[in-house]
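Worksheet: one structure, shown below.
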Amino acid sequence: MDSDEEDSLWQNLTDPLLLDIFSNLNARSLLNAAQTCKNWYRLANHNMLWKYVLCNRLKKDVTLRNEDLTWQEEYKRVTYHVPIELMETCKGHNDEIYHITFSQSGRYFSTVGREGKVFLWRFCHPIELIKSSRPVGAGYTRYSEFNQSETLLLVGGLRGSFMHEGYICILTVPDLRVLYAVKGEYTNFRGTWLNDRTFLNASHFFDDRIYFKLDAHTVPSDSNYCDSDVEDMFDRCYALGKQVLKVFPCNPRNDFVKVVDPQKWHCFEPKTSNESSSSQEHESDCERNKMEATAESCVSSSNSKKNVGHEHSDSDSEITEEDDGISLERFDGWRSKFSLDNEELGKIVVLCHNSRLSSRESCLAFYYINSETINEVTQPYKTLDLKAGIHGLRVTPDDRYVVYNRRLLIDNDQEFFGGHYQRSIQVVLYDMYMETHLQTVYEGSMAESVDRISYIFPDICDLYIANGSESNFVHLWDRHYEVSLAKLVHDTADHVPTHSGVNAVVFYPYDCEVLLTVADDHSIKVWMSRNRKSYISHSEDMKRKNKEDQNGEMSHVKSDSLDTDDEHHSRTHTCCFCSRVKKRR
């Protein structure tokens, strides 16, 4: 058979046969086949064919997350737009880094750690260190949070000979001067902002019994304490707090607190939509469905011979009502407590109670506070009994989701002084608006021991979920398809730590393709997608080319100026342009 007859056979193959053949190709081979001719280009870009390619890669049968997208676009997203490329490693810390957070605009981010300093960075390329400061003499800094206007930075830490005394300092941005400081009665309480200039600190008091309370401290715009000693600030500022929440019983350990603004939930309220559509749109939808059904049947004949991986990935599992990690939720929810239409809507305080003696008493409690609840004992409108150790928590910028790390107790454990925990670190999402846990629990991160808990802060964006671990790995999952996308190695070649945990991860606020991680190896790593990396590399090449062009133009101008000099100067000048001048003449 000569080459002409062979070419004619390929040209006469029907679409179903070609689709069946193309279903055996990977993405790169499909793209190469698309460059052969117009007919192959049309078939190699068929939507249902790329669905099969994506399902093969994810090892799971999935549904398209958005009807306006194509399967090829989704395949490109999970391969080209995932932050898995190491772009930069930032140095500055001399010890373990415990936490990282962005300001709301993404202009700044801060890091804190074991050496007791807070570092303020400007997010750009490359990353720029603005300033570092030690708010308190000896101790750790373990948490930081920007206020809304990005003028103040809340820093929580530990001090004392045995690191048993907590504190909260308020520093100015960007010069990091201590503006306000209070001691904390709860060692692990990290504090949070109530509004732009008011933050929350925890304490307890005895009346007829012991109560837990949250005090609101308002930072004055021009504080008289900014030049004072921090110890003097502790004494003078402590009594300035005003009670905003009073709780009984008093839990001995309250690690995390977050303030949620329910006014942001207005955009989640259901809206009426016009269900009518034109007959033309209906006909086009029917035609498209017919074509996709034909293609799917062609591809399915080949799928029956292969294992596509339709089961859930090992990296995730599902929550059920019988799950030992979360018991049934109590109370009626926020709709029985307040309405979003209320003109004087208050705030929601989320408290994480971690019991020292019994992890089965650990819970997330949701309190509604306003001007009417200040002096009363407030009961939570919702309580989630977690039966696990909680060691990291964040709230999404839209104030809808709580993402937290948990470690379940080992079955049949006697639970003495906290008991023993499973080594698996699970990432769980709770929808505060719908008041329900998302079904999938993201697993893969592991702990090194069963008798202690290290704090690890996960993060979530619109597309992805990320988490650290007590080893030097960063885990990345797809939020919609609920599968593991990558396992990144966070480590430096010149550092061999006894503990190499990744303690916190955070996405850039406005770009899911940028991820920052901090760990015990003293470094900050910036991960970007191949898309972002390519864009930055192209921009740097353009800047370098423009700089070379400008230097060339400057050289040309200088050479021309030498031509206008007198003859004696041109003969006696000893600079590098002399030979060029003489040569032209």
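The analysis underlying the following values was restricted to heavy atoms, covering all of them including side chains, and did not include hydrogens, waters or symmetry mates. Note that the structure is predicted; figures quoted are calculated from it, not measured.
- When atom types are taken as modelled, the side chain of S144 and the backbone of V155 share no donor-acceptor pair closer than 3.5 angstrom.
- Side-chain contact check for E165 and Y167: no donor-acceptor pair (N or O, by modelled atom type) lies under 3.5 Å.
- For the pair R159 (side chain) and G137 (backbone), a donor-acceptor distance under 3.5 Å is absent.
- Between the E185 side chain and the H204 main chain, a donor and an acceptor come within less than 3.5 Å of each other.
- Residue Y455 is tested with N405, N503, D255 for a side-chain hydrogen bond (donor to acceptor under 3.5 Å, both in side chains); the sole match is D255.
- Between W121 and F119, the ring-plane angle classifies as parallel under the 30° and 60° cut-offs.
- With Y367 contributing its side chain and T378 its backbone, the two residues share no donor-acceptor pair below 3.5 Å.
- T101 and S110 are not linked by any side-chain donor-acceptor pair at a separation below 3.5 angstrom, with hydrogens and angles left out of the test.
- Remark: K382 is not positioned above the aromatic ring of F366, lacking an NZ or CZ atom under 6.0 angstrom from the ring centre and at most 45 degrees off the axis.
- The aromatic rings of F212 and H353 sit perpendicular to each other, their planes meeting at more than 60°, with 30° as the lower class boundary.
- Between the side chain of D520 and the main chain of G501, a donor-acceptor pair closer than 3.5 Å is present.
- Of the possible donor and acceptor atoms, none in the side chain of T192 sits under 3.5 Å from a partner among the backbone N and O of K258.
- Across every non-hydrogen atom of G184 and N201, the tightest pair is CA-OD1, 4.1 Å.
- At most 12 non-hydrogen atoms from other residues, nucleotides or ligands lie less than 6.0 angstrom from CD1 of I210.
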Pair L152-Y180, side chain to side chain contact (heavy atoms under 4.5 Å, CB included): steps then yes or no:
CA-CA 10 Å; L152 299 174; Y180 201 93; over 6 Å; no
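- By the 6.0 Å contact criterion, CE on M434 is open, its count of non-hydrogen atoms from other residues, nucleotides or ligands being 12 or less.
- Residues G157 and R142 approach most closely at CA-CG, 3.9 Å, considering heavy atoms.
- The heavy-atom pair separating P135 from T141 by the smallest distance is CG-CG2, 4.1 Å.
- In terms of heavy atoms, R479 sits closest to E482 at O-CG, 3.8 Å.
- Panel note: side chain S103, backbone F146; no donor-acceptor pair is recorded below 3.5 Å.
- Surrounding NZ of K264 are more than 12 heavy atoms belonging to other residues, nucleotides or ligands, all under 6.0 Å away.
- E128 CD: more than 12 foreign heavy atoms inside a 6.0 Å radius.
- Ring geometry for Y508 versus F102: interplanar angle over 60°, hence perpendicular rather than tilted (30 to 60°).
- Closest non-hydrogen pair, T111 versus H93, comes out as OG1-NE2, 2.7 Å.
- A side-chain donor from one of N147 and D196 sits under 3.5 Å from a side-chain acceptor of the other.
- Using cut-offs of 30° and 60° for the angle between ring planes, the F109 and F123 rings count as perpendicular.
- Note: H437 and Y430 meet the aromatic proximity criterion, with ring centroids under 6.0 Å apart.
- The aromatic ring centroids of Y368 and F338 lie less than 6.0 Å from each other.
- The two residues E150 and G106 have their closest heavy-atom pair at OE2-N, 4.4 Å.
- Relative orientation of the Y211 and F205 rings is parallel, given thresholds of 30° and 60° on the angle between their planes.
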